[in-house]
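The figures here come from the full heavy-atom set of this structure, side chains too, leaving out hydrogens, waters and symmetry mates. Naming convention: chains lettered A, B, ... in sequence-line order (proteins, then strands); numbering from 1 in each chain.
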Amino acid sequence: MDKRELITELRRIVGTPYVLIEKEDVIVYEQDGSIFQVMPEIVVVPANVEEVSAVVRAARSASVPIVPRGSGTGLAGGAVPAEGGIILSLTRFDRILKIDLENHLAIVEPGVINLDVTKAVAKDGFFYAPDPSSQAACSIGGNVANNSGGPHTLAYGVTTNHVLGIEVVLDDGEVVWLGGEVADTPGYDLCGVFVGSEGTMGIVTKIAVKLMQTRESVRTLLAIFDDMDFATNTVVEITSEGIIPAALEIMDHMSIEAVERGAPVGFPRDAAAVLIVEVEGLSEQTERSIMLASEICRRNGAREVKVAKNDAERQLLWKGRKGAFGAMGTLAPNYYVQDGVVPRSQLPEMMRRVAAISKEFNLTIANVFHAGDGNLHPNILFDMRNPGELERVIEAGAATLRACVELGGSITGEHGVGMEKKAYIGWLFNDADLAAMTRVRHAFDPDNRFNPAKLFPTPASCGEVRLEPGKIPAGLWK
Amino acid sequence: MKLATEQLGQRLAADLGADAVSADELRLAAHAIDGVTPKLICAPSTAEQLAAAVKICADAQAAMAPWGGGTAMSLGNPPRALDVVLKTSHLDQVIEHDHANLTATVQSGITLNALQAVLARQKQFLPIDAPLPERSTIGGIVAANLNGPRRSSYGSVRDLVIGMKVVLASGEIIKAGGKVVKNVAGYDMCKLFTGALGTLGIVTEVTLRVAPLPAHSSTVIVSGTWAQAAQCANQLMGTKLLPSAMFLVNPGANRSWQLAISFDGFEETVARQVNELSAMAQPLGLSQEVIHGEKQRQYWQEIADLPVSQNRVIYRVTVPRGAVQRTIATIADLAPQLCADLAMGTIWIEMPANQTTRDLFPRLIAWAQQQRGHATIFNTPAELKRTTDVWGPVPPAHALMRKIKQEFDPAGLFNPGRFIGGI
């Protein structure tokens with residue numbers, strides 16, 4: 001089947017309006033939240049699982065790759081068509097199919113927006129726990145592909161801990177459930193293996209997620225530090241003392257500056273770091289935990305500890321934290337966010353290394369991160385228009401990941417490998433380790449049809465890949 | 001097997017040392033699996049030795065069964081073949097307890113109790129209340145996916161394992177995951193080996209999330225009729241209370257039902273929850289007992305041990321949590337002993353080991369499927385296994401599972417036949 005025949009076949013399957021081939025139609029699919037751009041050839045937007053299955057079979061007949069895409073908020077290039085072929089957009093899979101509160105679960109389609117799940121059940125006292133910063137835009141299907149986290153995964157776990165089962169379309173078009181609606185489905189935990197496989201094993205068309213009951217009480221504090229070391233030591237002490245907060249987030253001086261310039265929430269602009277500690281549970285439990293956490297903050301040199309008095313104050317703290325990435329635009333025309341992890345015990349050392357890398361590469365780095373998980377997000381600030389700067393930024397990013405690995409950590413905690421980090425995965429895994437992963441890939445997708453040239457350390461892709469940070473609105477920076 | 005037993009034994013002894021290999025008849029008999037006796041027992045001293053032994057056995061096409069504490073050997077179907085039992089008993093070290101990171105890395109042959117003793121020095125513990133902790137090994141717990149009563153609040157084995165080393169059929173040792181609690185670098189291979197019953201590789205090292213020991217812990221046991229206990233459970237589930245375990249227990253014919261609820265946490269948090277539960281139970285006419293300490297530990301250990309009771313038929317029926325009570329109601333007239341994890345939807349049914357009991361399986365499967373769940377025979381004397389797959393009907397993804405098995409163990413040498421659908 002040649003390209004023209006494939007397009008005809010795809011139009012027959014999903015209807016002509018849902019097959020995009022003109023440049024002006026497909027250009028919006030050339031990039032995700034990462035810096036990678038590849039112009040797609042064909043974008044298909046199927047409406048149901050039968051159509052997905054037929055599209056997969058058509059791609060197989062035509063021997064072209066398929067790249068699944070949700071909301072396109074991914075930060076590692078996972079949704080970019082590295083080797084061309086078909087982008088399969090799941091945005092029309094946007095229904096919550098079942099809310100089953102008695103059984104604490106919901107069945108959703110992959111295009112459903114993360115936050116909409118919680119919104120649908122909040123009035124009944126339930127929530128969906130994984131809460132990436134992009135939760136107002138990212139899709140549950142994308143979360144499954146990337147095993148997404150978020151601030152509150154410290155206490156509740158990441159996506160894989162909240163997915164009971166998935167319906168997937170395999171490489172031959174077969175539709176099969178992995179896992180189910182209850183725990184311990186007999187056989188290999190293929191649902192567990194699939195979650196986080198970044199679209200390389202098949203196309204998810206339904207997801208059974210766990211719903212959790214909201215807690216009786218939430219308490220949040222903000223601790224202000226004049227030294228990053230004090231803040232990171234506080235984090236180590238809080239977790240090792242046996243308090244497991246729902247969230248434990250740090251923002252450094254530059255991030256505070258960004259927020260206060262962009263959408264101010266009243267963070268002190270002269271602080272070296274602020275730490276947000278949030279505890280959830282029964283009121284007695286949160287009362288005592290917040291008291292203990294306050295003590296630990298003070299013992300470790302916090303200049304000030306403020307406990308949010310009401311929900312409005314609490315929301316303001318989170319507005320600052322969740323708005324930090326967006327506010328980076330107030331500091332520099334471009335930013336590049338990294339995602340590394342260290343054991344929590346190594347957090348103080350790691351932040352010292354990030355500071356040293358900032359100096360070494362002469363680049364400003366703003367840190368806003370999930371300290372309680374040891375999951376860092378250095379935002380490297382730069383100006384794309386300076387020749388050679390992007391390359392230096394990428395090198396500095398790699399240096400932070402190298403440091404994470406040296407301290408016993410990982411090159412990605414929640415953003416995924418995608419195109420961005422496939423060259424680094426060899427720092428963590430040797431050939432035999434990677435070959436074992438390849439065996440799993442081979443069992444699912446022997447022809448490497450799904451999202452090729454991602455995740456594994458393959459040679460450069462054959463498509464034309466350009467590096468392009470998000471566009472700056474004209475006139476914003478002069 | 002391509003080699004004579006004697007030759008294989010010599011090769012293993014030459015590589016691992018004579019002490020590592022045994023063909024003693026009594027020992028062999030003690031390591032039979034479902035009545036199938038191995039020809040050799042091999043107990044390597046290091047992970048590298050274990051890998052070497054796997055390579056030697058694989059070259060000889062000898063069927064291997066990994067063996068930890070031997071507490072769950074009756075899980076699964078009888079092996080199609082069994083030449084060598086590979087014991088992890090010498091791999092019993094804690095490699096690292098990073099208490100500030102709340103993780104521990106251990107060799108797979110360490111027993112759960114031995115690990116808990118090390119973790120307790122830093123006031124931490126592994127929140128997996130597996131059966132027979134004095135014998136159960138971490139490797140066995142992971143391979144057999146053995147969970148305990150508090151899994152709904154602390155997480156299941158699959159949630160707590162964050163890293164592994166595994167010997168593959170090729171004799172290579174691979175690493176999966178790492179020692180950080182959040183990690184999406186590459187496929188989540190730990191999930192593949194957890195619960196795979198040693199059919200894809202032999203786990204030699206595991207990194208686990210651990211938890212702070214709760215400052216206080218109490219269990220409330222309320223007893224009464226089925227209706228009373230069930231109503232109390234429903235009331236409890238309508239509150240914001242956060243039990244660490246929530247079980248309905250029927251200790252046997254003509255005895256009253258128990259609703260057993262444990263609470264972990266600060267003293268005042270536990271006290272409040274105990275009081276609120278008591279206040280709920282009293283108007284319903286249930287009798288109450290609050291237990292702590294050793295008595296509490298024993299009570300829950302008995303529940304945790306039930307799945308591996310010998311010479312009984314143990315069914316595991318898993319249904320959505322909302323279907324637990326109607327499931328119990330449909331089988332209660334058979335008067336089995338049972339306990340049900342109300343939060344997880346797991347119902348453990350213990351019955352006498354006879355054909356009548358065994359014939360119940362198809363009915364349980366049909367019922368569980370109707371509720372969108374599943375039923376397995378978790379444990380039974382071998383003679384009652386011969387005519388059925390204890391894992392129940394093959395799941396829709398079985399073809400994919402076979403492909404995975406084919407990729408990792410093409411010659412079918414790891415625990416052949418014991419896993420689902422003949423894997």
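A:Glu287 does not touch chain B: none of its heavy atoms, backbone or side chain, sits under 4.5 Å away. Heavy atoms closer than 4.5 Å to chain B are found nowhere in A:Leu101, neither backbone nor side chain. Proximity to chain B is absent for every atom of A:Leu401, based on heavy atoms less than 4.5 angstrom apart. For chain B, the nearby part of A:Val342 is the backbone; its heavy atoms alone come within less than 4.5 Å. Proximity to chain B involves both the backbone and the side chain of A:Val193, based on heavy atoms less than 4.5 angstrom apart. The contact between A:Leu154 and chain B is made entirely by backbone atoms, counting heavy-atom distances below 4.5 Å. At a 4.5 Å heavy-atom cutoff, the contact between A:Val341 and chain B is made by backbone and side-chain atoms alike. Contact of B:Asn145 with chain A is made through the side chain alone, with heavy-atom distances under 4.5 Å. The parts of B:Ile174 that come within reach of chain A are both its backbone and its side chain, each placing non-hydrogen atoms under 4.5 angstrom from that chain. Contacts of A:Asn147 with chain B are made by both backbone and side-chain atoms, with heavy-atom separations under 4.5 Å. With a 4.5 angstrom heavy-atom cutoff, B:Ala323 touches chain A only via backbone atoms. Looking at B:Met189, only its side chain comes within 4.5 Å of chain A, counting heavy atoms on both sides. Heavy atoms of B:Thr199 lying under 4.5 Å from chain A belong to its backbone as well as its side chain. With a 4.5 Å cut-off on non-hydrogen atoms, B:Pro396 touches chain A through its backbone and its side chain both. Contact of B:Arg402 with chain A is not made at all, since no heavy-atom distance falls under 4.5 Å. Looking at A:Ser148, neither its backbone nor its side chain comes within 4.5 Å of chain B, counting heavy atoms on both sides.
Between chain B and the residues A:Gly192, A:Gly409, A:Gly413, A:Ser283, the largest count of heavy-atom pairs under 4.5 Å involves A:Gly413. When each of B:Val180, B:Ile420, B:Leu213 is scored by its heavy-atom pairs under 4.5 Å with chain A, the top score falls to B:Val180. Residue with the most contacts toward chain B among A:Gly242, A:Pro343, A:Gly340: A:Pro343 (heavy-atom pairs, distance under 4.5 Å). Most heavy-atom pairs under 4.5 Å with chain A: of the set B:Ala397, B:Ala185, B:Ala211, B:Gly392, this distinction falls to B:Ala185. If you tally non-hydrogen atom pairs under 4.5 Å between each of B:Gln371, B:Glu172, B:Arg316 and chain A, the highest count goes to B:Arg316. Chain A forms the most heavy-atom pairs under 4.5 Å with one residue out of B:Lys123, B:Arg272, B:Gln124, B:Lys405, and that residue is B:Arg272. The candidate from A:Gly187, A:Ser240, A:Ala432 with the greatest count of non-hydrogen atom pairs under 4.5 Å with chain B is A:Gly187. Per-residue counts of heavy-atom pairs under 4.5 Å with chain B were compared for A:Gln285, A:Glu237, A:Lys421, A:Glu241; the largest is that of A:Gln285. Contact tally against chain B (heavy-atom pairs below 4.5 Å) for A:Val176, A:Asn161, A:Leu282: the top residue is A:Leu282. Ranking A:Ser289, A:Ser217, A:Ala435, A:Cys404 against chain B, the residue ahead of the rest is A:Ser289, based on heavy-atom pairs under 4.5 Å. The residue among B:Val319, B:Thr103, B:Thr376 with the most heavy atom pairs within less than 4.5 Å of chain A is B:Val319. Among the candidates B:Gln273, B:Gln406, B:His398, B:Gln122, the residue making the largest number of heavy-atom pairs closer than 4.5 Å to chain A is B:Gln273.
Here the straight-line distance linking atom CD of A:Glu216 with atom CG of B:Leu242 works out to 8.0 Å at 0.5 Å rounding. Rounding to the nearest 0.5 Å places CZ of A:Arg439 at 5.5 Å from CG of B:Leu168. Taken to the nearest 0.5 Å, the OG atom of A:Ser197 stands 12.5 Å off from the NZ atom of B:Lys191. Residue A:Ile244 holds its CD1 atom at 10.0 Å from OH of B:Tyr154, rounded to the nearest 0.5 Å. Rounding to the nearest 0.5 Å gives a distance of 7.5 Å between CZ of A:Arg288 and CD of B:Glu267. Atoms NZ and CG, on B:Lys175 and A:Leu428 in that order, are 5.5 Å from each other to the nearest 0.5 Å.
By the 4.5 Å heavy-atom criterion applied to side chains, A:Pro446 and B:Lys403 are not counted as neighbours. Proximity of A:Leu190 to B:Ile404: side-chain heavy atoms (C-beta onward) are separated by under 4.5 Å at one or more points. Residues A:Val440 and B:Phe408 are in side-chain contact: their nearest non-hydrogen atoms beyond the backbone lie under 4.5 Å apart. The shortest distance between side-chain heavy atoms of B:Val181 and A:Arg344 falls below 4.5 Å. Side-chain contact check for B:Met344 versus A:Asp184: every heavy-atom pair is 4.5 Å or farther apart. A:Val158 has its side chain out of reach of B:Val184: every pair of non-hydrogen atoms, C-beta onward, lies at least 4.5 Å apart.
Closest of all the heavy-atom pairs between B:Met401 and A:Pro186 is CE-O, 3.9 Å. Pairing each heavy atom of A:Ala443 with each of B:Leu400, the nearest pair is O-CD1, 3.7 Å. Considering every non-hydrogen atom in both B:Arg151 and A:Ala183, the closest pair reads NH2-CB, 4.1 Å.
Checked options A:Phe444, A:Phe456, A:Phe194; the residue passing with B:Tyr187 is A:Phe456 (criterion: ring pair (Phe, Tyr, Trp, His ring centres under 6.0 Å)).
In the displayed structure, B:Lys165 atom NZ is contacted under 6.0 Å by at most 12 heavy atoms of other residues, nucleotides or ligands. At most 12 non-hydrogen atoms from other residues, nucleotides or ligands lie less than 6.0 angstrom from CG of A:Asp431.
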Item to check | Candidate pair A:Thr239 and B:Leu102, rule side-chain contact (heavy atoms from CB on, under 4.5 Å), full reasoning | outcome: CA-CA 8 Å; A:Thr239 46; B:Leu102 291 166; 4.2 Å; yes
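Sorted by first and then second residue, the pairs that involve residues 406-418 of chain A and meet side chain to side chain donor-acceptor pair (under 3.5 Å), not counting sequence neighbours, are A:Asp339-A:Thr412, A:Arg353-A:Glu406, A:His370-A:Glu414, A:His377-A:Glu414, A:Ser410-B:Asn183, A:Glu414-B:Lys182.
In this structure, the side chain of B:Lys240 engages the main chain of A:Thr214 through a donor-acceptor pair within 3.5 Å.
The closest side-chain donor-acceptor pair between B:Asp98 and A:Ser345 falls under 3.5 angstrom.
Look at B:Arg372 and A:Asp100 and you find no salt bridge, because none of the NZ, NE, NH1 or NH2 atoms lies under 4.0 Å from a carboxylate O.
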